[in-house]
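Only one structure is covered here, and it is reproduced in the block below.
All heavy atoms count here, side chains included; hydrogens, waters and symmetry mates do not. Not measured: the values here are computed from a predicted model. Letters A, B, ... mirror the listed sequences (proteins, then strands); counts begin at 1.
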There are 2 protein chains.
Amino acid sequence: MVQRQEPAGMELIHLLREVTLQLDLAGAQFAGRNGLHPTDLRALIGLLDAARAGVPSTPGRLGAHLGLNSAGTTALVDRLERLGLIRRVRDTRDRRRVLLEVDERAVALGQSFFGPLIDRTLALLDTFDTGERAAIRRFLDGVREAAQSP
Amino acid sequence: MVQRQEPAGMELIHLLREVTLQLDLAGAQFAGRNGLHPTDLRALIGLLDAARAGVPSTPGRLGAHLGLNSAGTTALVDRLERLGLIRRVRDTRDRRRVLLEVDERAVALGQSFFGPLIDRTLALLDTFDTGERAAIRRFLDGVREAAQSP
DNA sequence: CCTAATATCTCGCTCATCGAGATACTTGCC
DNA sequence: GGCAAGTATCTCGATGAGCGAGATATTAGG
């Protein structure tokens with residue numbers, strides 16, 4: 001072995017990376033199977049989250065969330081609308097704005113992807129006690145912050 | 001509140017999703033800053049992993065790993081080679097094959113991205129005791145399996 | 001040897017995304 | 001009120017990643 005000795009925690013880091021890779025891959029596969037692109041799926045997730053939180057969605061917000069410019073965002077919204085997953089509705093208060101309403105089909109699609117994954121993860125979480133769950137939460141929170149700082 | 005009551009574990013699930021989102025975003029930002037596309041970064045990660053494990057890389061393996069077809073793989077390898085991150089070397093044993101050698105620049109680039117993130121995560125892991133680390137590992141392992149099954 | 005299998009590459013195309021700018025509407029200032 | 005500046009979205013043309021089909025070179029098997 002020519003390699004340098006790795007610190008003990010590296011095993012967990014590789015595991016974490018593996019998890020994100022698998023989740024991404026699952027998303028890409030699901031997207032492909034349903035005739036949408038990875039970006040469309042990410043958009044859908046954002047739209048469903050916003051809808052659940054009661055926050056109104058607009059092309060502007062969506063594009064900013066995904067890091068697209070306005071042209072790309074318009075194309076994205078066109079695709080999602082053509083698929084019948086969302087509807088464009090002019091805002092009556094501010095008539096420059098367009099509100100994006102998610103269709104029932106989109107909710108169902110989201111369920112069909114996340115449902116099984118969520119169920120399995122909830123079942124998994126049931127096998128941990130309170131202290132263990134707290135540790136997991138603190139770990140995930142720490143990683144999130146570590147990823148955020150530049 | 002019109003929303004349905006969520007199970008207790010949902011909080012952790014959303015946190016996990018947030019983590020993967022932040023990690024993806026960090027990767028995309030880093031890629032953009034260095035003039036490469038998300039796919040190029042994923043390719044680089046795979047190549048560096050293979051190099052560390054002593055497994056020889058070829059366009060075929062790389063393309064399969066990323067889910068690209070042969071045309072896209074050739075274009076990807078062209079890009080990486082043009083950036084000076086890898087070199088193409090004909091295999092002398094099987095002269096149909098091309099071996100991909102990662103340049104020192106690629107290793108340095110990988111370090112500059114993952115280094116700080118890894119350091120911070122290792123420091124974070126130091127704040128957990130053995131039992132807590134075991135719980136985290138079991139959780140990540142379970143999620144990975146949950147994401148893999150169709 | 002000669003056919004089948006394998007590894008990579010080339011060509012032409014599609015389509016997501018970008019930059020630049022057009023359009024429509026709102027807000028604030030005089 | 002009315003006009004300038006700001007904001008939200010969309011249109012147009014261009015760029016480039018990735019795909020399907022097929023070409024080329026090399027190896028393996030009967």
Side-chain angles (χ1 to χ4, degrees), chain A residues 24-25 27-47 50 55-83 85-101, chain B residues 24-25 27-47 50 55-83 85-101:
Chain A
D24 281 1
L25 233 109
Q29 273 180 230
F30 175 81
R33 238 181 294 132
N34 288 88
L36 13 97
H37 303 261
T39 300
D40 303 309
L41 184 60
R42 286 182 58 199
L44 213 53
I45 293 171
L47 291 171
V55 178
S57 295
T58 68
R61 279 174 198 279
L62 181 61
H65 177 61
L66 299 175
L68 297 182
N69 76 356
S70 66
T73 303
T74 298
L76 166 66
V77 173
D78 283 349
R79 287 197 301 276
L80 294 178
E81 195 173 37
R82 203 176 319 123
L83 288 169
L85 297 176
I86 65 174
R87 286 179 301 276
R88 270 189 250 238
V89 182
R90 274 276 164 204
D91 187 342
T92 47
R93 302 292 193 96
D94 182 341
R95 301 227 321 263
R96 294 168 301 184
R97 302 209 302 169
V98 167
L99 299 177
L100 303 177
E101 294 182 352
Chain B
D24 281 2
L25 232 113
Q29 273 181 230
F30 175 81
R33 237 181 295 131
N34 288 87
L36 15 96
H37 303 260
T39 301
D40 303 276
L41 184 60
R42 285 181 59 197
L44 212 54
I45 293 171
L47 291 171
V55 178
S57 294
T58 66
R61 279 175 198 279
L62 180 62
H65 177 62
L66 298 175
L68 297 182
N69 77 355
S70 66
T73 304
T74 298
L76 166 66
V77 172
D78 283 348
R79 287 198 300 276
L80 294 179
E81 195 173 35
R82 204 177 317 125
L83 289 169
L85 298 176
I86 65 173
R87 286 179 300 277
R88 270 189 249 238
V89 182
R90 274 278 163 202
D91 188 341
T92 47
R93 302 294 193 94
D94 184 341
R95 303 225 323 263
R96 293 168 301 187
R97 303 209 303 169
V98 167
L99 298 177
L100 303 177
E101 294 182 352

Note to self: With nearest nucleotide decided by heavy atoms, which residue, A:Thr39 or A:Thr92, maps closer to the 5′ end of DNA chain C?
What the structure shows: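 Looking at the nearest nucleotide for each, A:Thr39 comes out on the 5' side.
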Notebook entry, point to check: What are the residues of residues 56-72 of chain B, sorted by number, that bring a heavy atom to within less than 4.0 Å of DNA chain C?
Noted result: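 Correct list: B:Thr58, B:Pro59, B:Gly60, B:Ser70, B:Ala71.
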Next item on the list: Would you mind classifying the nucleic acid contact of B:Arg90 as base, sugar-phosphate or nothing, using non-hydrogen atoms under 4.0 angstrom?
Entry: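 No contact.
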When the distance from [atom1] of [X] to [atom2] of [N] is rounded to whole Å, what number comes out?
{"X": "B:Arg96", "N": "D:dT26", "atom1": "CZ", "atom2": "P", "result": "10 Å"}
{"X": "A:His37", "N": "D:dG16", "atom1": "NE2", "atom2": "P", "result": "20 Å"}
{"X": "A:Arg93", "N": "D:dA8", "atom1": "CZ", "atom2": "P", "result": "16 Å"}
{"X": "A:Leu100", "N": "D:dA8", "atom1": "CG", "atom2": "P", "result": "14 Å"}
{"X": "A:Asp91", "N": "D:dT9", "atom1": "CG", "atom2": "P", "result": "9 Å"}

With rounding to the nearest 0.5 angstrom, report the [atom1] to [atom2] distance, [X] to [Y].
{"X": "A:Gln29", "Y": "A:Leu41", "atom1": "CD", "atom2": "CG", "value": "12.0 Å"}
{"X": "A:Leu44", "Y": "A:Leu76", "atom1": "CG", "atom2": "CG", "value": "9.5 Å"}
{"X": "A:Leu68", "Y": "A:Thr39", "atom1": "CG", "atom2": "OG1", "value": "6.0 Å"}
{"X": "A:Thr73", "Y": "A:Leu62", "atom1": "OG1", "atom2": "CG", "value": "6.5 Å"}
{"X": "A:Glu81", "Y": "A:Glu101", "atom1": "CD", "atom2": "CD", "value": "10.5 Å"}

Check: For the residue pair B:Asp94 and B:Arg96, what are the closest heavy atoms and their distance?
Finding: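 In terms of heavy atoms, the two residues are closest at OD2-NH2, 2.7 Å.
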Check: How close do A:Pro38 and A:Ala31 get, heavy atom to heavy atom, and via which atoms?
Finding: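 Smallest heavy-atom distance, with atoms named: N-CB, 4.3 Å.
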Margin query: Pick the closest DNA chain D nucleotide for B:Leu76 and for A:Leu99 by heavy atoms, then say which residue is nearer the 5' end.
Written below: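 Looking at the nearest nucleotide for each, A:Leu99 comes out on the 5' side.
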Check: Between A:Asp94 and A:Ala75, which has a closest nucleotide on DNA chain D that is more 5'?
Finding: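 Looking at DNA chain D, the more 5' nearest nucleotide goes with A:Asp94.
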Note to self: Please determine whether a side-chain nitrogen or oxygen atom of B:Arg79 lies at a distance below 4.0 Å from atom OP1 or OP2 of D:dA17.
What the structure shows: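 Looking at the OP1 and OP2 atoms of D:dA17, one of them is under 4.0 Å from a side-chain N or O of B:Arg79.
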Next item on the list: Find out whether A:Arg88 and A:Leu100 are in side-chain contact, i.e. whether some heavy atom of one side chain is under 4.5 Å from a heavy atom of the other.
Entry: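 With C-beta onward as the side chain, the pair touches.
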Notebook entry, point to check: Would you call B:Val98 and B:Arg90 a side-chain contact if the rule is heavy atoms closer than 4.5 Å?
Noted result: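 Yes. Closest side-chain heavy atoms under 4.5 Å.
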Check: For A:Arg79, does the CZ atom have more than 12 heavy-atom neighbours from other residues, nucleotides or ligands under 6.0 Å away?
Finding: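 Count over threshold, so yes.
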Next item on the list: With a 4.0 angstrom cut-off to heavy atoms of chain A, pull out the first and last contacting nucleotide of DNA chain C, in 5'-to-3' order.
Entry: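 Both ends considered, the range comes out as C:dA16 to C:dT26.
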Check: Taking five pairs at each end, how big is the angle between the two axes of the helix from C:dC1-D:dG30 to C:dC30-D:dG1, to 10°?
Finding: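 End-to-end axis angle for the helix from C:dC1-D:dG30 to C:dC30-D:dG1: 10°, rounded to 10°.
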Next item on the list: Indicate yes or no for a side-chain donor-acceptor contact from A:Asn34 to the backbone of A:Leu36 under 3.5 Å, with no hydrogens or angles considered.
Entry: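 No; zero donor-acceptor contacts below 3.5 Å.
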